[in-house]
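Down below is the structure, laid out as structure tokens.
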Amino acid sequence: MSRPNIVLHWFPQSPYAQVLAWTLNYKKVPYKIVETPRVEPRPLRRPLDGGYRKTPILQIGNHVYCDTKRIIDELEERFPEPSVYPKTKTGETSKELAKGIAVWFDSPLFLAIIKQFDVSRMPAEFVKDRTQFLGEQFGGGSPYMRIDLVAQIAQAQALLGGKPYVLDTPTLSYADLALAKDTYFMGNILGDNWTKQNAPAMYQHCTRIKEEVDMSRTKKMPEITGEEALEIAQTDIQPFTGEHQSNLPELQVGQVVAVEPLDTGKTPSIGILRRLTTDEIVIEHKTDKITAFIHFPAVGFTVSPAAEASV
């Protein structure tokens, strides 16, 4: 059997999209790239994501994986070496610890960086889109918004200490990718000089991680159009092999449901429930030509009944 097509739907300015490109490069996985518009609408993505508006998503044939955490776990299962969950010095997996620390990097620290955007220098359309996405005013740019960021930087610097990796593992972990993403993003907003002066340990850590994940490899990956990605979903059909089940009595397999993030980008994805466990949510989303299986993590998402006409 031939290897399914792996397609990263992204825009390179997204730090979360960079994390996935870094992971694919680190694992030396071949993939294709579709550049997604930075703001809605994204009509060519809707048959694949069912309404999900966050970027990135990862397409593998007609299966679509949403949210960085779920995508990382899928890549780890399909391409286990090198692992982004290396063993700790005590011989235990770093998976849960890395994910736990990444929650801080992905939420409080990341949102503190977003507050540094000077929105007066940005297109009004982009600011409006991101304000709707966040559910609050996007950006800020005031120096008075910086105290929270500086305090969190101090904590992250202390966590790193003199270690090459966040969890003191022999190789990088998901926690390193999550922290390097924030440092990379901070450098793009506040500048390399500011980041180097105010977060030297983070800056050195990010520089090393970018080298280890071969960041430049992304430019060598073939780019395809949104239409070509839809064609892949029509022709590269991968069956859903997981067990059809729901561990929530109120929702039944085969029921039309809406899946929605709990934090930002609260736009539901609509489809037929195929799997609901403590690990993942899977819905089947059908359009005229495409049947897509859309995978979400259970953590950070909610599932509720939806109208049949929504499918």
Is there any ring pair (Phe, Tyr, Trp, His ring centres under 6.0 Å) pair reaching into [range], and which pairs are they, with sequence neighbours excluded?
{"range": "residues 242-261", "answer": "Phe240-His244"}
{"range": "residues 246-266", "answer": "none"}
{"range": "residues 43-62", "answer": "Tyr52-Phe296"}

Taking side-chain contact (heavy atoms from CB on, under 4.5 Å) as the test, write out the residues that go with [X], two or more places apart.
{"X": "Gln204", "value": "none"}
{"X": "Ser304", "value": "Ala258"}
{"X": "Pro108", "value": "Trp104, Gln152"}
{"X": "Ser107", "value": "none"}

Sequence neighbours excluded, which residues qualify as salt bridge (Lys or Arg N to Asp or Glu O under 4.0 Å) partners of Glu280? Arg70, Arg275

Which residues satisfy the side chain to side chain donor-acceptor pair (under 3.5 Å) test with Glu92, sequence neighbours excluded? Thr90

For Tyr203, the other hydrophobic cluster members (4.5 Å side-chain criterion, sorted by chain and number) are none

Please tabulate, one pair per line, all N/O donor-acceptor pairs under 3.5 Å involving side-chain atoms of residues 7-25, not counting sequence neighbours.
from	atom 1	to	atom 2	distance (Å)
His9	NE2	Gln59	OE1	2.8
Ser14	OG	Tyr16	N	3.4
Ser14	OG	Ala17	N	3.1
Tyr16	OH	Asp106	O	2.8
Gln18	OE1	Trp22	NE1	3.3
Gln18	NE2	Pro12	O	3.0
Thr23	OG1	Val19	O	2.8
Asn25	OD1	Tyr31	OH	2.9
Asn25	OD1	Arg217	NH1	3.0
Asn25	ND2	Ala21	O	3.2
Asn25	ND2	Asp214	O	3.3
Asn25	ND2	Thr218	OG1	2.9

Which residue pairs pass the salt bridge (Lys or Arg N to Asp or Glu O under 4.0 Å) test when at least one of the two sits in residues 13-27, sequence neighbours left out? Lys27-Glu76

